[in-house]
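In what follows, a structure is listed as structure tokens, so that the remarks can point back to it.
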Amino acid sequence: MSEQVHAYPACPFSGEPPPLPAGPVFRARLPGGDLVWVVTGYDEVRTTLNHPFLGRDLTTDDPHMGAEAAMAEALRDRTLLLDGPPHAQLRRLAGRPLTPGRVAELRPHIRGLAEGLLDDIEETGPPDDLLARLAFPLPLAVLCALLGVPACDSALFRQWTDRMTAIDAATQDETLTALHTMFAYLTDLLAEKRTRPGQDLLSAWLAAQEEDDRLTDNEIVQLAFSVLFAGYESTAAAIGACVYGLLRHPEQLEALRASPELAPDAVRELMRTQLATPYYRVLLARRDFALAGVTIKRGDGVMPLTWAAQRDPGRFPSGDVLDIRRAGAGTADFVFGYGRHACLGAALATTMVEVAVATLVRRFPALRPAVPLERLAWHTDRFPGGGLRELPVHW
């Protein structure tokens with residue numbers, strides 16, 4: 001394997017992948033100057049994301065990583081960044097209320113919210129921004145309801161999460177102020193749920209705390225923060241990217257319109273090909289090990305490039321081509337993480353995206369972009385995800 005150092009391959013914001021060096025693992029220099037091993041092969045990324053010799057590294061100079069480190073330091077502990085048995089135990093307890101059965105029960109509620117948002121859009125009349133009117137409000141409403149946050153307070157969470165995700169637009173002090181304000185709100189809400197429990201995640205986590213005394217109040221608050229902060233932004237970006245992909249490929253939009261039963265696989269294929277993020281995570285090698293013929297040394301940084309793995313031609317023939325009828329299109333393993341740090345709410349997020357896209361296509365059969373797609377702007381300063389800045393449409 002060549003020791004040649006390549007430039008860091010920026011992600012394909014507009015859906016067009018940049019050229020990559022040959023081989024599933026190569027050496028690259030990040031924008032901040034750090035050298036890392038970049039992993040692009042599907043099998044190799046799967047191995048990397050769950051490798052016992054790799055752990056999280058918050059020391060790189062990337063601004064997104066710096067933002068995560070700053071927020072982590074502001075927390076009273078690093079519950080959300082644990083590795084090993086403590087992390088596995090926390091995931092087991094936290095994931096109890098997010099079973100596939102529970103997500104399936106939520107589908108009618110999610111569909112009703114999507115229908116209501118589209119009713120409002122229809123009343124306003126075209127053109128309208130689908131991000132502002134559907135992609136962001138839907139997951140925020142679902143997640144707030146899931147946690148037991150009163151609907152009247154959901155706008156506060158959008159303000160706080162927007163401040164924390166717009167890393168380059170806000171100072172670190174503003175980011176931390178928003179984080180602390182959100183934590184204070186969730187702490188007060190947790191105290192209220194302890195005296196008046198409901199059918200929500202906070203109450204369920206409190207019940208788990210009483211059963212085995214392994215979830216502390218701070219862990220519950222951090223879990224709630226993770227659900228709102230990561231789940232809201234990434235799901236909204238996924239909805240926008242999927243709709244963009246259909247507008248960019250009208251023959252695929254027509255195929256979905258003609259065969260709505262394709263929606264589950266179509267959404268996964270859309271997320272596989274259209275969803276990328278400017279944010280990258282560098283893992284730190286704790287011991288020497290071999291990966292695809294390369295020796296990774298203790299202390300080396302390893303960066304799994306998930307968008308490249310999702311286009312690996314060895315796994316997906318003609319992987320750059322969007323095909324909602326693709327055999328096995330239901331596999332989008334890395335969109336919401338993989339392995340021991342996979343998103344606990346991945347099934348819920350996927351359901352929200354699927355419902356939003358299917359409902360939109362059914363309700364607006366003449367859906368089309370209101371501006372040329374090449375003029376659309378993409379976020380390069382959002383943490384933890386990128387996505388479109390707006391998506392104006394006619395219908």
Side-chain angles (χ1 to χ4, degrees), residues 55-58 64-98 139-140 142-149 153-154 156-165 167 172 174-194 197-198 200-235 279 281 336-337 339-349 383-385:
R56 299 196 180 198
D57 178 19
L58 297 176
H64 302 94
M65 294 303 298
E68 183 180 48
M71 286 194 287
E73 290 296 339
L75 310 182
R76 282 169 285 177
D77 62 46
R78 290 185 173 225
T79 298
L80 301 181
L81 303 177
L82 291 173
D83 272 315
H87 175 260
Q89 174 71 0
L90 179 64
R91 285 182 62 86
R92 184 182 66 80
L93 294 170
R96 286 177 181 173
L98 291 170
L140 185 62
V142 171
L143 294 174
C144 283
L146 190 65
L147 285 167
V149 174
D153 289 342
S154 62
L156 294 173
F157 282 90
R158 180 158 189 181
Q159 293 174 15
W160 296 330
T161 53
D162 283 351
R163 180 62 59 85
M164 285 184 282
T165 55
I167 297 300
Q172 188 178 94
E174 290 172 330
T175 299
L176 296 181
T177 296
L179 183 147
H180 285 302
T181 304
M182 186 169 170
F183 261 67
Y185 179 100
L186 290 171
T187 300
D188 292 342
L189 183 61
L190 185 66
E192 181 181 329
K193 296 295 181 182
R194 178 169 275 115
D200 53 68
L201 274 180
L202 286 179
S203 299
W205 285 331
L206 280 172
Q209 181 188 59
E210 293 170 1
E211 288 174 8
D212 46 34
D213 197 31
R214 288 177 180 154
L215 278 175
T216 67
D217 283 4
N218 189 50
E219 287 171 341
I220 294 174
V221 170
Q222 289 196 46
L223 286 167
F225 166 81
S226 179
V227 166
L228 282 166
F229 176 67
Y232 156 64
E233 179 77 14
S234 59
T235 305
Y279 165 75
R281 166 156 284 144
F336 294 110
R340 63 182 180 270
H341 286 289
C343 174
L344 283 172
L348 176 62
F383 170 84

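The shown structure was predicted, so the numbers you read here are calculated from the model rather than taken from an experiment. Positions are given from 1, in the same order as the sequence printed here.
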Between [Y] and [X], is there a side-chain heavy-atom distance shorter than 4.5 Å?
X	Y	answer
L228	M182	yes
T216	E219	yes
E233	T161	no
D217	T187	no

Write down the atom of [X], the atom of [Y], and the distance for their closest heavy-atom approach.
X	Y	value
L146	L348	CD2-CD2, 3.5 Å
W205	V227	CH2-CG2, 4.1 Å
T235	A349	OG1-CB, 3.5 Å
A224	L202	CB-CD2, 3.9 Å
P139	Y232	CG-O, 4.1 Å

Please work out whether the ring planes of Y185 and F157 are parallel, tilted or perpendicular, with thresholds of 30° and 60°.
->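 Perpendicular, since the angle between the ring planes exceeds 60°.
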Point-to-point distance, once rounded to the nearest 0.5 Å, from [atom1] of [X] to [atom2] of [Y]:
X	Y	atom1	atom2	value
E174	L179	CD	CG	13.5 Å
F183	Q222	CZ	CD	4.5 Å
T181	L176	OG1	CG	10.5 Å
L206	R194	CG	CZ	5.0 Å

Pairing residues for S154 by the side chain to side chain donor-acceptor pair (under 3.5 Å) criterion, not counting sequence neighbours | none
Sequence neighbours excluded, the answer for side chain to side chain contact (heavy atoms under 4.5 Å, CB included) partners of D188 is none
Please test W160 against L156 for side chain to side chain contact (heavy atoms under 4.5 Å, CB included), starting from the C-alpha separation and ending with a verdict.
-> CA-CA 6 Å; W160 296 330; L156 294 173; 3.9 Å; yes
Hey, is the main chain of G198 close enough, under 3.5 Å, to the side chain of S203 for a donor-acceptor pair?
-> yes
